[in-house]
2 protein chains.
Amino acid sequence: MASLTTRALLLGVVSLFEPANGYQLRRELLSWGVEYWAHIKPGSIYSMLTTFARQGFIERHDLPEGDRTVAVYTMADAGRDELRRLLREAAVTVNAMDPSGFRVALSLAPLVDRHDMVAALREREVNAARISADLLDKIAVVARGMAPPHVSHSLELELRLVETERAWLADYLAAIEAGGLTFAGEAEPAWSPPDDDAGWQMVRESQRYREQIDAEKG
Amino acid sequence: MASLTTRALLLGVVSLFEPANGYQLRRELLSWGVEYWAHIKPGSIYSMLTTFARQGFIERHDLPEGDRTVAVYTMADAGRDELRRLLREAAVTVNAMDPSGFRVALSLAPLVDRHDMVAALREREVNAARISADLLDKIAVVARGMAPPHVSHSLELELRLVETERAWLADYLAAIEAGGLTFAGEAEPAWSPPDDDAGWQMVRESQRYREQIDAEKG
DNA sequence: CACCCATTATTCAAACTTGAACAGAAGTCT
DNA sequence: AGACTTCTGTTCAAGTTTGAATAATGGGTG
């Protein structure tokens with residue numbers, strides 16, 4: 001099965017932009033640079049959409065578009081549950097050697113309730129503290145000559161990375177608790193894309209897809 | 001194709017322990033915790049060995065073992081070249097969102113010449129400095145209101161992680177240049193595994209495989 | 001208008017990954 | 001000795017990933 005990172009990202013963009021077709025989602029994800037920091041190649045997106053549809057996390061609507069049809073996807077309830085689960089896991093899991101899951105959690109933070117986010121990040125603080133302590137133990141063992149010296153440098157780097165994250169995490173939590181940033185169900189952010197931005201195109205297309213889907217049902 | 005991380009790791013362990021069978025390599029990699037920080041599952045190892053053999057990076061020897069046969073692998077020259085290339089790339093490439101490649105480079109440092117390692121790490125310092133500067137630029141752009149606020153926190157974390165790595169890198173380079181650590185072609189390290197360690201079993205088996213292979217040829 | 005190139009939207013065969021299963025050897029407990 | 005679990009060594013079908021190909025449309029330029 002695809003990784004937590006991959007699944008959360010794709011369900012996340014569907015949730016953000018639904019109704020949307022594969023190409024829109026692909027364009028969006030590529031603009032986030034997912035090829036580099038997640039390991040999603042453009043070719044994967046369509047097959048993952050098919051898989052998610054089979055699993056009941058999203059719904060596929062084949063809408064007529066001139067003389068052809070476009071495959072447009074919307075979230076299903078099971079998908080929203082799954083996304084919540086994935087984002088919580090991504091927010092809570094500390095892994096210095098694979099921060100990409102956490103980056104997804106941050107990128108998709110606007111989809112999560114403020115309260116849930118704070119709870120998850122507190123849990124993350126606890127986990128980070130534990131991992132930090134474990135690393136200190138391991139370093140002590142290595143220092144007593146129980147493993148080759150190269151290992152100790154590697155552990156030292158890992159420890160410093162975890163400590164850096166802990167410091168950042170404290171700042172981030174403070175910012176959220178001070179009422180900063182915008183989360184699910186809260187007023188629109190002060191920020192909006194520039195007028196000439198291609199982002200509005202996506203919004204218009206989604207609007208049109210939504211109308212077609214509603215018309216089909218009614 | 002499998003990722004740089006994966007390929008370097010498997011070629012690396014073959015290089016360290018050849019001649020060895022799939023199970024030995026699997027055991028070794030699992031003891032390194034590759035399931036967690038690389039994304040290698042045990043099941044993948046055998047098929048990757050088959051692939052590498054097809055590509056001419058390693059050689060497969062089917063040795064008789066009682067009434068069955070064991071598939072034992074040794075490095076081919078092309079594999080040694082490929083491993084050098086992969087380890088250099090892993091050492092040089094800075095990616096705050098995927099440090100696993102660098103961890104491989106560190107784990108397998110004893111397979112690289114000291115001089116090559118220093119050269120690669122200097123290049124890494126340059127790359128890290130460039131990425132750090134790019135992140136500062138992006139943060140400035142976001143601060144001017146060109147993107148949602150969540151993004152700036154994410155960039156801030158990435159920046160801090162890169163800075164942490166730069167500091168560690170300077171220390172590591174200093175240690176190497178002061179003559180610390182052991183690299184390819186240098187005297188055996190002061191460290192050796194405890195007497196009762198299972199590590200010696202691997203050494204004995206490899207020895208036996210080597211004799212069988214040499215006998216076959218001769 | 002005719003030509004060329006970029007964008008849109010998707011499919012697919014070939015390769016890769018993986019969980020699960022197999023079967024024999026070797027230890028362990030009663 | 002018999003029963004039971006773990007270790008050794010590997011295969012494989014089912015599922016996933018991806019590079020490349022397809023085809024239609026839109027836009028700019030001489």
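Scope of the values below: all heavy atoms of this structure, side chains included, with no hydrogens, waters or symmetry mates. Numbers restart at 1 for each chain; the letters A, B, ... are given by sequence-line order, proteins then strands.
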For B/Met48 and D/dT11, what is the distance between atoms CE and P respectively, to the nearest whole Å? 16 Å
So that I can tick it off, tell me whether A/Glu158 and A/Lys138 are bridged by a salt bridge, with the cut-off set at under 4.0 angstrom between side-chain N and carboxylate O. no
Does the side chain of A/Tyr23 get closer than 4.0 angstrom to OP1 or OP2 of C/dT8 through an N or O atom? yes
Look at the side chain of B/Ala2 and decide which nucleotide, out of C/dT17, D/dG9, D/dT17, has an atom nearest to it. C/dT17
Salt bridge flag under 4.0 Å for residues B/Arg208 and B/Glu65: yes
Between A/Arg124 and A/Ala91, what is the shortest heavy-atom contact and its length? NH1-O, 2.9 Å
Is the closest basic N to carboxylate O distance between B/Glu165 and B/Arg160 below 4.0 Å? no
OP1 or OP2 of C/dT18 under 4.0 Å from side-chain N/O of B/Ser44: yes
Rounded to whole Å, NE2 of A/His61 lies from C1' of C/dA9 at a distance of 17 Å
Closest-nucleotide 5' rank along DNA chain D - winner of A/Ile40 and B/Arg26: B/Arg26
Interatomic distance where NZ belongs to B/Lys41 and P belongs to D/dT17 [whole Å]: 12 Å
Tell me the interatomic distance from B/Gln201, atom CD, to D/dT8, atom C1', rounded to whole angstroms. 10 Å
Of the candidates C/dT18, C/dA9, D/dT10, the side chain of B/Ser47 sits closest to C/dT18
Starting at CZ of B/Phe52 and ending at P of C/dA15, how long is that distance when rounded to a whole Å? 16 Å
Whether B/Trp37 side chain and B/Trp32 backbone form a donor-acceptor pair below 3.5 Å: yes
Mind listing the N/O atom pairs, protein and nucleotides 23-26 of chain D, below 3.5 Å?
{"unit_1": "D/dA24", "atom_1": "O4'", "unit_2": "A/Arg68", "atom_2": "NH2", "d": "3.2"}

Distance below 4.0 Å between B/Arg60 side-chain N/O and D/dT10 OP1 or OP2: no
Does D/dT8 have its OP1 or OP2 closer than 4.0 Å to a side-chain nitrogen or oxygen of B/Arg27? yes
Are the charged groups of B/Glu82 and B/Arg85 less than 4.0 angstrom apart, N to O? yes
Centroid separation A/Phe183 to B/His150 less than 6.0 Å: yes
Return the value, rounded to whole Å, for the distance between atom OH of B/Tyr46 and atom P of C/dG19. 16 Å
In whole angstrom, give the distance that lies between atom CD of A/Gln55 and atom C1' of D/dA14. 14 Å
Atom CG of A/Leu49 and atom P of C/dT11: how far apart are they, to the nearest Å? 11 Å
